[in-house]
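Some notes on the structure that comes next.
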Amino acid sequence: GTNTSGIMRVRASLLRAFRDWFNKKSMTEVTPPTLVQTQCEGGSTLFKLKYFEEDAFLTQSSQLYLETMVASLGDVFCIMPSYRAEKSRTRRHLSEYTHCEAELGFITFEDLLQLLEEMICDVVKAVMEDCGDIVKSLNPAAYIPQRPFVRDTRA
C-alpha cells in the first residue's frame, strides 16, 4: 500500500544519504560476508546453519571485518544486512535489519561524537530534502536535529 511504498522510498533515500555522506568523508565502502564461520557478541542470538557440512552463522555485525580492513584501506564503512535470532512474540521484533557501520583509525572520543552529530544532522537533512513529505506523512513529528547535541557529562 501507500505506507509500504513510502517506507521503501524513504529507505532508499536514507541509504543513498548515508553512502553520500561517507563518500564525502573519503571513506571506503566494503562488503564483508554475511555468512560467517565465527561468532561475535557472545553468539547466543545467532542463526546457525550447515554450510557444506560445516557450522556457519548469519552475521550480527561486520565490526570485526571492518577493524581488520581499516589498517590497509583507511577509514571504512559498510551498509549490510545483519541477523539476530532472538525469539520474540511481537511483530515489531527485527530478525533481519540493515547495519550501517564504520571504523575509523586514530580518532578521539570527542572527534567521534562530533562526527556522529554531523552525520545524523546531514543524513536527516538530505532525506527530508529528498522526501520530507513522505517522512512527514509517516511521522508528523519528524524534524531535522540541530547541533550541538545535549551530552551527559557525568562520569
Note, [X] side chain near [Y] side chain (heavy atom, < 4.5 Å):
| X | Y | result |
| --- | --- | --- |
| Arg84 | Phe47 | no |
| Ile134 | Leu138 | yes |
| Gln114 | Met119 | no |
| Thr28 | Met69 | no |
| Arg11 | Thr98 | yes |
| Leu116 | Leu112 | yes |
| Ser61 | His99 | yes |
| Met27 | Val76 | no |

So does [X] have more than 12 non-hydrogen atoms from other groups sitting under 6.0 Å from [atom1]?
| X | atom1 | answer |
| --- | --- | --- |
| Tyr97 | OH | yes |
| Lys136 | NZ | yes |
| Phe149 | CZ | yes |
| Gln37 | CD | no |

Identified side chain to side chain contact (heavy atoms under 4.5 Å, CB included) partner of Thr59 from the options Val36, Leu64, Leu46: Val36

Cluster overlap [X] with [Y], hydrophobic side-chain contacts below 4.5 Å:
| X | Y | result |
| --- | --- | --- |
| Tyr143 | Val127 | no |
| Val150 | Leu113 | no |
| Ile7 | Val135 | yes |
| Ile79 | Val124 | yes |
| Leu15 | Met80 | no |

Separation of [Y] [atom2] from [X] [atom1] (nearest 0.5 Å):
| X | Y | atom1 | atom2 | value |
| --- | --- | --- | --- | --- |
| Cys100 | Leu14 | SG | CG | 8.0 Å |
| Asp122 | Phe18 | CG | CZ | 10.5 Å |
| Asn3 | Met8 | CG | CE | 11.0 Å |

If every non-hydrogen atom of [X] is compared with every non-hydrogen atom of [Y], which pair is closest and at what distance?
| X | Y | value |
| --- | --- | --- |
| Ile107 | Leu104 | CG2-O, 3.8 Å |
| Pro145 | Ile120 | CG-CG2, 3.9 Å |
| Cys78 | Leu66 | SG-CD1, 4.0 Å |
| Tyr83 | Thr34 | CE1-CB, 4.3 Å |
| Pro81 | Glu96 | CB-OE2, 4.4 Å |

Short side-chain donor-acceptor distance under 3.5 Å, Glu67 and Gln63: yes

Looking at [Y], is its backbone amide N or carbonyl O close enough to the side chain of [X] to form a donor-acceptor pair, meaning the two atoms are under 3.5 Å apart?
| X | Y | result |
| --- | --- | --- |
| Ser62 | Tyr65 | no |
| Ser13 | Val10 | no |
| Asp75 | Gly105 | yes |

Partner of Asp130 by salt bridge (Lys or Arg N to Asp or Glu O under 4.0 Å), out of Arg9, Arg16, Lys125: Arg16

Partner set under salt bridge (charged side-chain N to carboxylate O under 4.0 Å, His left out) for Arg19, not counting sequence neighbours: Glu29

Test: Glu118 and Lys24 ion pair at under 4.0 Å: no

CA sep, side-chain torsions, deciding dist, call: Phe57, Leu49, side chain to side chain contact (heavy atoms under 4.5 Å, CB included): CA-CA 6 Å; Phe57 307 92; Leu49 54 112; over 6 Å; no

Parallel, tilted or perpendicular, as decided by the 30° and 60° cut-offs, for the rings of Phe22 and Phe77: parallel

